[in-house]
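Notes for the one structure printed next.
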Amino acid sequence: MSTAPVLSVRGLSKYYRVKGTRVDALAGIDLDIRRGETMAIVGESGSGKTTLGNLILGLERASAGQVIFEGAPLQMRRSSALRRRIQVVQQNPFSTLNPKRTVRATIELPLRAYKMVSRDRYRARVGELLDIVGMSSTHMNRYPAALSGGQRQRVALARALASEPEIIVLDEPTSALDVSVQARVLALLVELQRTFDLTYIFITHDLSVVRNIARRVSVMYRGRVVESGPTESVFAAPRHRYTSMLLSSIPVVSDAELAVKPSWTWDPGAIEGQGLHSDGCPFAPRCPHAVDACWSDVPELESLETAHLAACHRPAGSS
Amino acid sequence: MALLETTDLHVRFELFEGMSHVLNGVNLKVERGERVAVVGESGCGKSLTARAVLGLLRHTNAQIDGSVRFDGSELLSLSERGWRSIRGRRIGMIFQDPTAALNPTFTVGDQLFKVIIRGGRARTKRRAREIAREALRHTAIADPDRVLNAYPFQLSGGLAQRVLITMALVNEPELVLADEPGSALDVTVQEQTLRLMRALGDELGAAVLIITHNLGVVREFAQRVYVMYAGSIVEEADVDTLFHAPRHPYTRALLEAVPRLTGEMLPQPIEGVVPDYTAAPVGCRFHPRCPHAQPACQEPPPVVDLGGGHRVACVLPEAAP
């Protein structure tokens, strides 16, 4: 594994105008993703994690900043050769597959579009791809309606793999699935990554999944990265208060997990931030540790130890 | 006498493909003031059980057998009129997606006042507003009037969820039926929802029957739990026992499929799928997916009582972990 990042994001921002006021969906994100690793992007709804994925994929135009792929900036409009190399698997397998296309037609499309194999090889290649994701060729002529959620997500994966990408953006790939099926899809993702040296950008709200699949994690809140670091370190010793709150709210099933969850004093009133606005840290309205500086100055993402960063004026562990 | 008790509850649907026998003899009990969970994968009949209990299958082609008793009286033979004095009054409901459960064309207030007036707590809208205000304050909503005057789309998911909790509890029901409460919301809001339901339930002495697919939610919220698979209860126990000494192979498999926050093991998939109910497996419905299956599993499994309210429907309740 090389140390130079395969994909970098620098100062990436996305603003929307809503009734004349500017809404920052993404407010200056910096990220480095190395080849062959799984980088998890975690956050609640509205944190900007899907917007980040869309900008990396070129589905939306950035307001500022850059996505840099192998040293060169990526534009929103990009050549088919570039598009081929970064693919996506989205959340809801019930809406991301065209219901009027058979499994074969769905997986054939990228083969045609990117001219991956010659025409007479399409069918055989679709069969191979289905085999790779653990389905059989007998599914080829089925429509999505005849498939279970887990099978649909496998088809979506086969479609992404058809163009032999280097990076796959996985946007909540298992959150519509039952745990028993989720476990199978996660195992498949791990196996595929090893086989094809894939780089995953794993977008999710589920921290338990992150712990099991990602080497590094970035926690987002209201369009900013508030904490970033090796998964083990972030889970063992979260620094940003938002990360602690997120970890403490996960319902867990074992005593061992209960023991590692940070404690959090719940204030029912603070959960929504009471509609308060902060010019500084976006989490200040919900944070029981907020001081004046948190309301006025945006904390920068600082290095606490090697590679483990937090953007907080009063990080945990500092008293 | 239990507050709610279903006995040998069967629900069948006549489909083009044949008879779909979904609920296959469900026995469950909720005592007064108790928090009970029903847990299982999607398609295992959890929500159908809730709908049968609430009498919401009456105008469908469902064929219902067995008994559902609430405070001693049979619900299955209740008239629509009889239901009106129970639903929303003695049994409150909380559904999964709070924004979908509210009518988008009326203000929150209009909907809440109607519940209060129908429940007999107030005769006038003015009095209903007072009660609503007080109840919303109880769920830590600082400015109840803003919420009452808002349309559902103007509320965040967390606020809408609290409105629904208020709606379910405002008439001080004896039982609250919550179907995946908060699972459409962020995890921090879900946590908040569960805490609130627990606190308010305790305060009113209301029993809560929660339907969920999330074992973590079960552990943090419930006192007792029923594990459901393919329309049958396969194991029941108090929460402590279930998580420390699960006996049914399905319960164990489900627990092993949950990704752990400690990351000590990769979650283990359960092979196979929930069966098609028009051709459900004979005997134990889990046996085609069960690693311990044996010939005896072709027969309906015995319900083995392990003491302390721990029951398991399996021929091999002692199967090695």
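Here is the naming used below: chain letters follow the sequence lines, and residue numbers restart at 1 for every chain. Values below: every heavy atom of this structure, side chains too, minus hydrogens, waters and symmetry copies.
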- request: Would you name the heavy atoms of A:Ala183 and B:Ala257 that are closest together and state the gap between them?
  value: CB-O, 4.1 Å
message: Rounded to the nearest 0.5 Å, what separates atom OG in A:Ser45 from atom CG in B:Leu185?
response: 8.0 Å
- prompt: Does any heavy atom of chain A fall under 4.5 Å from the side chain of B:Glu256, the backbone, both, or neither of them?
  reply: neither
- prompt: What are the two closest heavy atoms between B:Gly216 and A:Pro251, and how far apart are they?
  reply: C-CB, 3.2 Å
query: What part of A:Glu232 lies closer than 4.5 angstrom to a heavy atom of chain B: side chain, backbone, both or neither?
result: neither
- prompt: Looking at CD of B:Gln190 and CD1 of A:Ile250, how far apart are the two atoms once the value is rounded to the nearest 0.5 Å?
  reply: 10.5 Å
field: Point-to-point distance, once rounded to the nearest 0.5 Å, from OG1 of B:Thr262 to CG of A:Asn212
entry: 8.0 Å
- prompt: Looking at side-chain heavy atoms only, is the closest gap between B:Arg260 and A:Val253 below 4.5 Å?
  reply: yes
message: Closer than 4.0 angstrom, basic N to acidic O: yes or no for B:Glu191 and A:Lys261?
response: no
field: Side chain proximity check, B:Glu41 to A:Ser180, heavy atoms < 4.5 angstrom
entry: yes
message: I want to check something: taking the side chain as every heavy atom from C-beta on, are A:Leu186 and B:Pro267 in contact at a cut-off of under 4.5 Å?
response: yes
message: Quick check on the interface: out of B:Pro269, B:Gly263, B:Ala253, who has the most heavy-atom pairs with chain A under 4.5 Å?
response: B:Pro269
task: Could you tell me the separation between the CD1 atom of A:Ile213 and the CG atom of B:Leu266, rounded to the nearest 0.5 Å?
output: 7.5 Å
query: Is any side-chain heavy atom of A:Ser254 less than 4.5 Å from a side-chain heavy atom of B:Val258?
result: no
task: Heavy-atom pairs under 4.5 Å with chain B are the metric here; pick the option from A:Val260, A:Asp255, A:Leu247 that has the most.
output: A:Asp255
- request: Ignoring hydrogens and angles, state whether a donor on the side chain of B:Thr188 or A:Glu44 is under 3.5 Å from an acceptor on the partner side chain.
  value: yes
